Amino acid sequence: QVRLVESGGGLVQSGGSLRLSCAGSGRTFHSKNIKWFRQAPGKERLFVAYINWNGGSKSYDDSVKDRFLISRDTGANTVYLQMDNLKPEDTAVYYCNAPGDTPGGTEYWGQGTQVTVFS
C-alpha cells in the first residue's frame with residue numbers, strides 16, 4: 001500500500017518557476033517508478049515526466065523537455081518536479097503516479113496540485 005501527496009503548486013507569471021513535491025509513504029514506495037501527469041480543464045490527462053526507482057533513469061514529454069527536471073530524494077521518500085520557464089500552456093492540475101503492487105494491479109495516484117501560469 002502506497003500513499004502519494006502532491007504539493008508546491010501555485011500562481012506564477014510566464015517565465016517563472018515552481019518546484020512540485022510528491023511525498024510518498026508505504027513500505028514499497030522506495031521501489032516504485034514514479035511519473036508526473038497533468039490535466040487541464042476539459043482535456044485528457046497527459047504524461048509529463050518519469051523517474052525510475054533509484055533515480056538513474058529519467059524521461060520527459062517533448063512539451064516540457066529542457067524546461068522541467070525530475071529528481072528524487074530516497075531518504076525523504078520524495079519525488080520532485082522542478083519547473084522553469086513556465087508557459088500559460090503549462091496550466092493544469094499536476095498528479096504523481098506509481099504502479100500497482102502486482103502485475104496489472106490498480107495504480108496509485110495523488111490528489112493533485114494546481115499550477116496556473118499567466119501572461
Side-chain angles (χ1 to χ4, degrees):
Q1 296 180 342
V2 169
R3 182 172 181 245
L4 306 174
V5 179
E6 302 95 334
S7 62
L11 178 66
V12 298
Q13 191 172 23
S14 295
S17 297
L18 287 172
R19 188 176 74 162
L20 306 184
S21 297
C22 175
S25 62
R27 63 180 179 86
T28 63
F29 178 79
H30 65 92
S31 65
K32 298 289 187 182
N33 303 329
I34 301 296
K35 296 176 181 176
W36 284 96
F37 288 78
R38 64 187 181 184
Q39 187 169 25
K43 297 185 178 180
E44 302 282 354
R45 187 170 296 186
L46 300 175
F47 168 78
V48 176
Y50 161 89
I51 189 167
N52 82 329
W53 69 276
N54 68 4
S57 181
K58 305 173 183 179
S59 65
Y60 303 89
D61 183 75
D62 286 344
S63 65
V64 306
K65 192 174 183 179
D66 300 324
R67 298 189 298 120
F68 290 11
L69 178 66
I70 191 169
S71 62
R72 70 192 301 164
D73 183 336
T74 56
N77 284 342
T78 302
V79 175
Y80 301 99
L81 185 67
Q82 177 67 43
M83 307 185 295
D84 295 327
N85 192 23
L86 284 161
K87 305 175 180 179
E89 52 263 42
D90 296 318
T91 295
V93 177
Y94 284 69
Y95 300 89
C96 61
N97 163 271
D101 297 324
T102 59
T106 302
E107 295 182 334
Y108 295 98
W109 294 92
Q111 84 290 344
T113 186
Q114 176 72 50
V115 172
T116 302
V117 185
F118 63 93
S119 300

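For this chain, numbers begin at 1 and follow the sequence in order. Model, not experiment: these values are computed from the prediction. We use all heavy atoms of the structure for the numbers below, so side chains are in, but hydrogens, waters and symmetry mates are not.
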Test item: Tyr60 side-chain N/O and Arg67 main-chain N/O as donor-acceptor pair under 3.5 Å: no
Check: Thr91 side chain, Val117 main-chain N or O, donor-acceptor pair, under 3.5 Å: yes
Atom CD of Gln1: over 12 foreign heavy atoms under 6.0 Å: no
Residue pair Arg19, Asp84: steps toward the salt bridge (charged side-chain N to carboxylate O under 4.0 Å, His left out) verdict: CA-CA 9 Å; Arg19 188 176 74 162; Asp84 295 327; over 6 Å; no
Atom pair CZ (Phe68) and CG (Asp61), whose distance is rounded to the nearest 0.5 Å: 10.0 Å
Parallel, tilted or perpendicular, as decided by the 30° and 60° cut-offs, for the rings of Phe47 and Phe37: perpendicular
Non-hydrogen atoms of Asn52 and Arg72 that approach each other most closely: O-NH1, 2.7 Å
From CG (Asp101) to OG1 (Thr28), nearest 0.5 Å: 4.5 Å
Euclidean distance, His30 NE2 relative to Asn77 CG, rounded to 0.5 Å: 8.5 Å
Working for side chain to side chain contact (heavy atoms under 4.5 Å, CB included), residues Phe118 and Leu86: CA-CA 9 Å; Phe118 63 93; Leu86 284 161; over 6 Å; no
Check: Trp36 main-chain N/O paired with Asn97 side-chain donor or acceptor under 3.5 Å: no
Polar side-chain atom of Gln39 near backbone of Ala92 as donor-acceptor pair, under 3.5 Å: no
Nearest-0.5 Å distance, CZ of residue Arg3 to CD of residue Gln111: 8.0 Å
Shortest non-hydrogen contact from Thr78 toward Ser21: CG2-CB, 4.1 Å
Check: Leu69 and Tyr80 side chains under 4.5 Å, non-hydrogen atoms: no
Smallest separation among heavy atoms of Trp53 and Asn33, with atom names: N-OD1, 2.9 Å
CG-OG distance between Leu81 and Ser71, expressed to the nearest 0.5 angstrom: 8.5 Å
Derivation of the side chain to side chain contact (heavy atoms under 4.5 Å, CB included) call for Asp90 and Met83: CA-CA 10 Å; Asp90 296 318; Met83 307 185 295; over 6 Å; no
Heavy-atom side-chain contact between Glu6 and Val93 under 4.5 Å: no
Same apolar cluster: Tyr94 and Leu4, side chain cutoff 4.5 Å: yes
Reported OG-to-CD distance for the pair Ser14 and Glu89, which is rounded to 0.5 angstrom: 8.0 Å
Closest contact, heavy atoms only, Ile70 versus Ile34: CD1-O, 4.3 Å
Residue pair Tyr108 / Val2: nearest heavy atoms and the distance that separates them: CD2-O, 3.1 Å
NZ/Lys32: more than 12 non-hydrogen atoms of other groups inside 6.0 Å: yes
Verify same cluster id: Val64, Val115 (apolar side-chain graph, 4.5 Å): yes
